[in-house]
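Hydrogens, waters and symmetry mates play no part in the numbers below; they use all other heavy atoms, side chains included. In what follows, every chain begins at residue 1, and chains take the letters A, B, ... in the order their sequences are listed.
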Protein chains: 2
Amino acid sequence: MSVPVPPWQQRAARERPVKRPLSLELIVRTALELLDTEGLDAVSMRKVAQRLGTGAASLYAHVRNKDELHELMLDLVIGEIEVPDPDPANWRQQIKDLVNRQVEVFSAHPGIAQVVLRTPAPTGSNALTVTEAMLSILRAAGLPDREVAFAVDAIALFATAAAMELSADFGLGDEQRAERIRQVEQYFAALPADRFPTLVSMVPVLSQGDYRERFEFGLDLLLDGVTARSR
Amino acid sequence: MSVPVPPWQQRAARERPVKRPLSLELIVRTALELLDTEGLDAVSMRKVAQRLGTGAASLYAHVRNKDELHELMLDLVIGEIEVPDPDPANWRQQIKDLVNRQVEVFSAHPGIAQVVLRTPAPTGSNALTVTEAMLSILRAAGLPDREVAFAVDAIALFATAAAMELSADFGLGDEQRAERIRQVEQYFAALPADRFPTLVSMVPVLSQGDYRERFEFGLDLLLDGVTARSR
DNA sequence: ACCTGAACACCGTTCAAGT
DNA sequence: ACCTGAACACCGTTCAAGT
């Protein structure tokens, strides 16, 4: 039976640094905190261990290596993507919503998209749930199953790449980003018009639209392609 | 005026390790050799320097940092992409050829695609040439300039992501790759059918087609979208 | 079974010193 | 201007030793 903890022990516990026992979940959550605040490059075995008040070697009792840790983080992030019940009449909007949510979630954890492109095929349980949803939604478009599979691949690949591009300038302030866009624009405008006639003539248009709008456009291209193959 | 080199000096020169003087071009070419044989992770300042018979510090006289070296390598690789003269009647096939060539060239230098997604916007002279070509070809599709710019963005992003995925399993032998596909297939087939009904029912179709076919399909989706917006 | 410190073999980058 | 060795502050992973 349990007995009240004597006050001198309580004090001792409070004074000691908050060191919960290691566990896979704690490690992955800590790694994710590090990712959110300092980016993927900062998620090293040593830094994660440091946050947990231990040494890097201790993590290897729970995780095979750094890549596995990254993949576990990825699946935790994918778990944040809300998945709808398929509504065949609304397949197009449902896909758009789901993919937009994916990009948002990935962007909230800058650098995690890289892990997707480095992993052979995400097989974490949350990744499976999202794949299941994408496949079942897109089936309503009326394509042959083979094409449904290919289309989901293409859409997921595009979304991941967009998320990766989006978080590429993690760490830059808003003014810095705007400044760089201005510089690139100037650079393009000053290019020799005889060698790059189209580029130069399209300068006013090249920097139009934000990431969101460009992404939405690309996604619409893909879905128009799907529609063209329907029925 | 030049005088014949005396034979004892010739011998000395031959016996000395082949150490050409450092130059930006030599550094970038050496780095690219390393990339081709050992992958992007092996392209470290120290290993490149070692191949050149010097120390890492010596490279910093020619290159600002490792990222810049990677970007210079990228532009050299992009230079290998053959660019056609625009033929408005054939814009669709021309885009497909150009993008396919890009993926082939990137796949020949496994890991280089990663650099694209990490770089804000490739502005090397070879990258500009390819962008100019893509824009001018796609203009023939008859979209508003703004949409031409967005579409080129989407197509390039998709191609880069595909190349990245393709070179993700650099280092695996053919049998290893096949073995893994078989394992994933088995794993999917054994999944609980009540939670993943679509996934399980589509197993026979999920592993159909190689990268090339899947890429081609995605590209066709995008181009169908472009066609749907034409004129 | 889990945790640890120390060690090994690596990194990118800087800097004072050389030519 | 270019090159260098040494140093600094990092890495991932292994291993023998502890509990």
Side-chain angles (χ1 to χ4, degrees), chain A residues 12-13 16-35 37-74 111-112 114-115 118-120 168 170-171, chain B residues 12-13 16-35 37-74 111-112 114-115 118-120 168 170-171:
Chain A
R16 210 180 300 150
V18 203
K19 172 148 183 198
R20 289 159 291 182
L22 279 187
S23 74
L24 184 57
E25 208 204 318
L26 184 59
I27 290 170
V28 179
R29 292 210 174 278
T30 306
L32 212 49
E33 276 175 37
L34 209 47
L35 176 75
T37 54
E38 301 183 41
L40 188 65
D41 288 344
V43 183
S44 64
M45 299 301 276
R46 289 172 122 103
K47 285 219 188 97
V48 172
Q50 200 185 16
R51 283 215 170 199
L52 290 163
T54 181
S58 302
L59 307 184
Y60 286 85
H62 301 88
V63 142
R64 217 187 310 275
N65 53 35
K66 199 177 97 165
D67 282 352
E68 190 176 282
L69 177 56
H70 283 176
E71 282 162 36
L72 290 166
M73 292 164 66
L74 171 61
I112 199 69
Q114 269 184 65
V115 180
R118 259 197 255 119
T119 306
F170 175 65
Chain B
R16 210 180 300 148
V18 205
K19 170 146 184 198
R20 289 159 292 181
L22 278 188
S23 75
L24 184 56
E25 208 204 319
L26 184 60
I27 291 171
V28 179
R29 292 210 175 280
T30 306
L32 212 49
E33 277 174 36
L34 209 47
L35 176 75
T37 54
E38 301 182 42
L40 188 65
D41 288 343
V43 183
S44 65
M45 300 301 274
R46 290 173 121 104
K47 285 218 186 99
V48 172
Q50 200 186 17
R51 283 215 168 198
L52 291 163
T54 181
S58 302
L59 307 184
Y60 286 85
H62 301 87
V63 141
R64 216 186 311 273
N65 54 33
K66 198 177 98 166
D67 281 351
E68 190 176 282
L69 176 56
H70 283 175
E71 282 163 36
L72 290 166
M73 292 164 65
L74 171 62
I112 199 68
Q114 268 184 65
V115 179
R118 260 196 256 119
T119 306
F170 175 66

ask   = On DNA chain C, nearest-nucleotide positions of A/A61 versus A/G55: which is more 5'?
value = A/A61
Under-4.0 Å side-chain N/O to phosphate OP1/OP2 contact, B/H62 with D/dC3 = yes
query = Can a side chain N or O of B/S58 be found less than 4.0 Å away from OP1 or OP2 on D/dT4?
reply = yes
What's the spacing between [X] [atom1] and [Y] [atom2] if we round to 0.5 Å?
X: B/R51; Y: B/I27; atom1: CZ; atom2: CD1; result: 14.5 Å
X: A/E68; Y: A/L59; atom1: CD; atom2: CG; result: 12.0 Å
X: B/H70; Y: B/M73; atom1: NE2; atom2: CE; result: 5.5 Å
X: A/L72; Y: A/L32; atom1: CG; atom2: CG; result: 11.0 Å
X: A/H62; Y: A/L69; atom1: NE2; atom2: CG; result: 12.0 Å

task = Take atom P in C/dA9 and the same atom in D/dC10, then report the distance between them in whole Å.
result = 22 Å
For atom [atom1] of [X] and atom [atom2] of [N], their distance in whole Å:
X: B/L59; N: D/dC2; atom1: CG; atom2: P; result: 14 Å
X: A/L52; N: C/dC3; atom1: CG; atom2: P; result: 10 Å
X: B/L26; N: D/dC3; atom1: CG; atom2: C1'; result: 14 Å

query = Taking all atoms of both residues into account, what is the closest heavy-atom pair of A/L22 and A/S58, and its distance?
reply = CD1-CB, 3.8 Å
ask   = Where do A/V43 and A/A31 come nearest, in terms of heavy atoms and distance?
value = CG2-O, 3.8 Å
request  = For nucleotides 6-19 of chain D, just jot down a letter per nucleotide in 5' to 3' order: B, S or -, based on protein non-hydrogen atoms under 4.0 Å.
outcome  = -B---BBBBB----
request  = Check the pair B/L40 / B/V115 against side chain to side chain contact (heavy atoms under 4.5 Å, CB included), numbers first and verdict last.
outcome  = CA-CA 9 Å; B/L40 188 65; B/V115 179; 4.2 Å; yes
DNA chain D: stems of at least 3 consecutive Watson-Crick or G-U pairs whose donor-acceptor distances fall under 3.5 Å = C:4-8 with D:12-16, C:12-16 with D:4-8
